[in-house]
Structures are given as structure tokens and as C-alpha cells.
Asks: 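Got a structure for you, written out below as C-alpha cells; questions coming shortly.
Because the structure is a prediction, the values reported are computed rather than measured. Here is how names work: the chains are called A, B, and so on, in the same order as the sequence lines, proteins then strands, and each is numbered from 1.
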Amino acid sequence: MQTEQNELIKRRLEELEEIKKLGVNPYPHNFKVTSNSKQIIDNFKDPETEEEKEKQKENIVSIAGRITAIRRMGKATFCHIKDDKGRIQVYVKQEEVGELSYKILKLLDIGDIIGIEGYPFRTKTGEITVHSVQMQLLSKSIYPLPVVKEEITETGEKIIHDAFADIELRYRQRYIDLIVNDNVRDTFIKRTKIIKSIRNTLEKYNFLEVETPTLQTIYGGANAKPFITRHNALGLQLYLRISNELFLKRLIVGGFNRVFEFVKDFRNEGIDRTHNPEFTQVEWYQAYADYFDSMNLFEEVIENAVLELYDTTKVNYQGTELDFKRPWKRIKMIDAIKEKTGLDVIKMKRTEILEYLKSNNIEFDNKIANRKGLLIDILFEETCKEDLIQPTFVLDHPIDTTPLCKPLRTYTLQQLEEMKKDEEEIILVERFEPYINKWEIGNSYTELNDPILQRKLLEEQVQRGRGGEEDTHPMDYDFIRAIEVGMPPTTGVGIGIDRVVMLLTNSYNIRDVILFPLMKPH
RNA sequence: GGGGAUGUAGCUCAGGGGUAGAGCACCUGCCUUUUAAGCAGGGAGUCGAAGGUUCGAUUCCUUCCAUCCUCACCA
């Protein structure tokens, strides 16, 4: 659409000129607001006598908002204006606001922002309305908004006409989406409340909120493809973080015993309904604690957020009732597989698992065919994940799935040494993943703090990368040094905020919980 | 990247080989308690883009672009 050529825009530009000719600044600098739509409606009391009615006229409020509907009736006009707290009807009579103001009003459109001084009253049809004694244009809109009309039928059913529903436009022009669609507004308010609640719970337990770099010279803390960028002055290749894990652990080494950070992570991978290239996580790290402590805190953090929003632990997501009440179900990955398939993967040979995967048409990257632990992980994902609807912790993954996690405490040092020599032996680590509605919504470890093993595991990752495996963890010698300096026993957690918000706001697509999701330019 | 669907007025949509339709929005007029306000009249479109077939394409074909769904990829 060519802005200059659009008839509606042209018309509005003409109106703008007319307003200026009347000596009125269409973009004044300020307006004193003393109330809002919700407050007025909540505080309104119907007068019981004529005397009271007259008295109410002295109760002048000042509100401002955007015009969302206009009904002109000659020398009087009704509009609905929308402010930060909701919507309210305004009644303007020429006789009362004066001829100039009424002339201006005639030049106004849906989308314009006005200030109103007046007194609340109830109309014949029963709507609480501000009877305007003064009206001021605060900002003239020249780009036409979609006009959404609501009809409330006799049965009380709400019908929305001409909703602004084009998904692409809604994402690309979120400012319009927010003006027009109340449920969108509501979702993002809830998003903020969820983040605030998580922060509150962590602060209650004396976690310190910190900030770590987004631009990193070595990325790490997860297995993912990074975005690559460049610092000109230093002539340096940099990465946008895929995780902040290694920095938060450095802080644990540095003596902050409890830290957390809300971060944008960036992963250069596919986009779908649960993945956006930039997404939000909160990670926290706690010294002198293990993954059992993390499970407890995880449940509490999420349950608190749900309670904060809904005063109940039950939430409907796309027709499924999810109950976030603590304690959540806990199941070991190995047991989940056994329950579902009858297979005892610990006893099985690698080749037997391979055979099972193939005969069940489960696809996987051939490069990992010789890694028994990763095959088990795939087997789990393909067979068990679909049943994980209610909040469930899946525990104790094979060590091959991560180089940053500590083996189970049940192994003796000697056992571990022997297991490492035998490729058929599966070392399990103290890791858990919380699943809700089949989605991983986080990750947690009893963190590896043995510098010798840490170095060895990262070196293996590098070897695997050279062998052609994708998304292996890069070497970070400074991180190794930090662990060598000595990290106390520690546990850490990451939560995918976007997915949690999706679940708690009944949002189908991750883009519905990200204000400005990535869109290709036209 | 594979498969499926969609793209027509500011918004929501219908239509269909012969040059474009509705409701709302917009414009003009009437209207001082309306509320999907009403009544009367009017204007508005490169039919996503580019090629091709055809006397003629918004419609059929091809390619491209964008979006959604789905699969693959993504601890």
C-alpha cells in the first residue's frame, strides 16, 4: 500500500490541516490524567435522588485514551475510548464543550488520542459514561486502524465483528494487534507477571540477579548452532550466546552462592510453533545443593507463578487440564523406557537398541549409531515423551547427552573407572528435564565440578565435532580454569520462559508470547 | 529443506476466462442518551509479484515472494 495514495490516509491528512487551520495543535505536549476507565467504572454509584445526581456533576475526572468507536448524532456524539485499564464511553455535547471543540471532534477518527474532562453518569441504556465538559485532541492518527465491533447478543454471547485476525499482520504490526485485540494485551501482561513471580520466588531464597555477556568469544553451555557476528574495532568474531550457563558457574566459583539471570538466548536453528531463534530463559545456580533441591525449587517457582495468575494450580491448555500442584511426578528415564516398551536398556547391548530403533522405524542421525547413551536418549524421546502431559521430572540421563553434569552419587569411584572402560556400560548423570504437555520446559543438573572429568568430557566433545557430529560443545579453557580453581557442589536450572508462558496463557504458537517475533522482511 | 493450505478495498471475506462484489470503515446530508446507532446518497482495488497460454487472465499454467499448518532439523 502506497501511503500517499491511500484515500483514507489522504483524508486524515486533510483533517489534520483543517485542525491546524483552526489554531489547534494536533500534537500537544501533555495532558493531566487523574483517572482511568476501570477506576471510573469501579467507583461509580448510581444516584438515588435528583440532588445526588446534580452533586455528581461536580465530580470531574480527567481521562485520556484512544478513540475506538464513534457514534455521531448531530450535535452530540458518543465515543468509546480505550486507555491502559480498559474502555469507557464518552458523551460529548456541542452545547457543553463549545463550538471549537465540537468542530475538532467532527474532524476526529477512530485511532485518535483524546483527553476528556467530565463527570461520570449512567446513560438510558445503562452504560457508565463520562459526560464531557472539556475535550482536547492529544494525538491525531493518520494510519487507519482496523475497526473491531463487538455485539453482545440477548443470551449474553459476545460476537466480534471484523476482528483483526490476519496472523502475519498481527505479528508484523504488533502495535496494532495490541490496540485492537484485548486478549493479546492480556497475554503479555501475564508474561510479565510470570517473570515477576519467578523473580520474587528466587529472591525470597536470596538468589542474586546478575548480568552476563550476550556477545561471547566462545559460546557454550548448550549444544546448539550459534549466530555469528563481528566486532569491527577488535577484528574479532563473536557469538551471540546460546546459554549463560558457563558464566553463571564462573560466578559460583567467584563466591556468589546463589545467582540467577533472565536472558535472551540465540540459537541458529529452525523456527516452528515451539521454537523462535531468540528466546528467553531464566537460569539459576545454587552452591551446596543438588538436583533434588533444584526439583523442589523448580516446582515451587512454577506453582507460585500459576497461583499468582489464577489462584489455582489448574490451567487449561488447548483443551487439556494441566495441574501444576506440587509435588510433580518424578520418573527415571530408564524406568520410563522400561514402563513403556518393556526394554531394559541398561542390560541391552548397543546393537540390540539399534536393532529396536530400526525395526520400529525410529529415525536418527547415523553419526551417533555407536553411542549407546544417545540411542537411549532417542529411544526415550520417541517412545515416552508423548505421554508426558502433566508436569513430570524425567531423571538421570546417559552421560553422553551432556558434558556439564555430574554422574550419579551411587557409583563408587572405582565403579566409575571401570564403567568408563566399557563401551556397553552406561554412566548416568544427575540431570532432570521437566516435561509438561510433551514439551521440555527446562533442564537441570547437579553440576559437574570435577575439573579433570570436565576437561576430559569437553575434549571428547571437540573430538566428536571433528568426527562430524553436529552441535558439539566447544572447548572453553577459561571455563576449565574456573572449575580448576574449584567450584563448590552446585546445582543449576534453566527454564524456557516462552514455553511456560505459552502453557499458562493457552497460547498455541510461541510467537503469541513474543511481542516481536522474527519475521522475514517482505 | 519436503508436503499441504492461503494471499481480492483500511478490516473480515465472497466471486470467477470478458475488466470486481458484500458487511464494517471512509465521504456527503439528517439526527442532543447512542452502542454492531439509524436513515438516504456516494467514493474507494496493480485481485501478492513476474512470466506463459489466450483475441482477452484477477480467474488456467509455471516460477518467485510472504504467511500458516505439518514433517525433517533443533540436548
Asks: Select base, sugar-phosphate, or nothing to describe what A/Glu168 touches, counting heavy atoms under 4.0 Å on all strands.
Replies: sugar-phosphate

Asks: Does A/Arg12 reach a base, just sugar-phosphate, or nothing at all? Heavy atoms under 4.0 Å.
Replies: nothing

Asks: Which part of the nucleic acid does A/Glu15 contact within heavy-atom distance under 4.0 Å: base, sugar-phosphate only, or nothing?
Replies: sugar-phosphate

Asks: Run the ring-ring contact (aromatic ring centres under 6.0 Å, His included) test on A/Trp439 and A/Tyr317 for me, step by step, so that the C-alpha distance in whole Å, both residues' side-chain angles and the decisive distance to 0.1 Å come before the verdict.
Replies: CA-CA 13 Å; A/Trp439 301 341; A/Tyr317 183 77; 5.5 Å; yes

Asks: Answer yes when A/Asp387 and A/Lys340 have at least one side-chain N-carboxylate O distance shorter than 4.0 Å, and no when they do not.
Replies: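 A salt bridge links A/Asp387 with A/Lys340.
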
Asks: Can A/Arg267 be said to sit on top of A/Phe279's aromatic six-ring, NZ or CZ under 6.0 Å from centre and within 45° of the ring axis?
Replies: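 Output no; distance or angle outside limits.
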
Asks: For the residue pair A/Tyr102 and A/Thr77, confirm or rule out a side-chain donor-acceptor distance under 3.5 Å.
Replies: yes

Asks: Could you check A/Gln281 against A/Leu518 and say which one's nearest nucleotide on RNA chain B is further toward the 5' end?
Replies: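 That would be A/Leu518.
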
Asks: Output one line per pair: protein atom, nucleotide atom from nucleotides 41-45 of chain B, and distance, for all N/O pairs under 3.5 Å.
Replies:
from  : atom 1 : to     : atom 2 : distance (Å)
B/G43 : N2     : A/Glu7 : OE1    : 3.1

Asks: Counting any heavy atom closer than 4.0 Å, what does A/Asp272 reach on the DNA or RNA strands: base, sugar-phosphate only, or nothing?
Replies: base

Asks: Which residue in the set A/His80, A/Lys85, A/Gln89 passes side-chain contact (heavy atoms from CB on, under 4.5 Å) when paired with A/Ser37?
Replies: A/Lys85

Asks: Quick one: on RNA chain B, does A/Pro144 or A/Arg11 contact a more 5' nucleotide (nearest heavy atom)?
Replies: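 With A/Pro144 and A/Arg11 compared, the 5'-side residue is A/Pro144.
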
Asks: On the side chain of A/Asp162, is there an atom forming a donor-acceptor pair with the base of B/G23 - under 3.5 Å, no angle test?
Replies: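 Flag set: donor-acceptor pair detected.
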
Asks: So what does A/His80 hit on the nucleic acid, given a heavy-atom distance under 4.0 Å: a base, only sugar-phosphate, or nothing?
Replies: base

Asks: Side-chain donor or acceptor of A/Gln89 under 3.5 Å from a matching atom on the base of B/U34?
Replies: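 Present.
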
Asks: What is the nucleic acid contact for A/Lys93, judged by heavy atoms within less than 4.0 Å: base, sugar-phosphate only, or nothing?
Replies: base

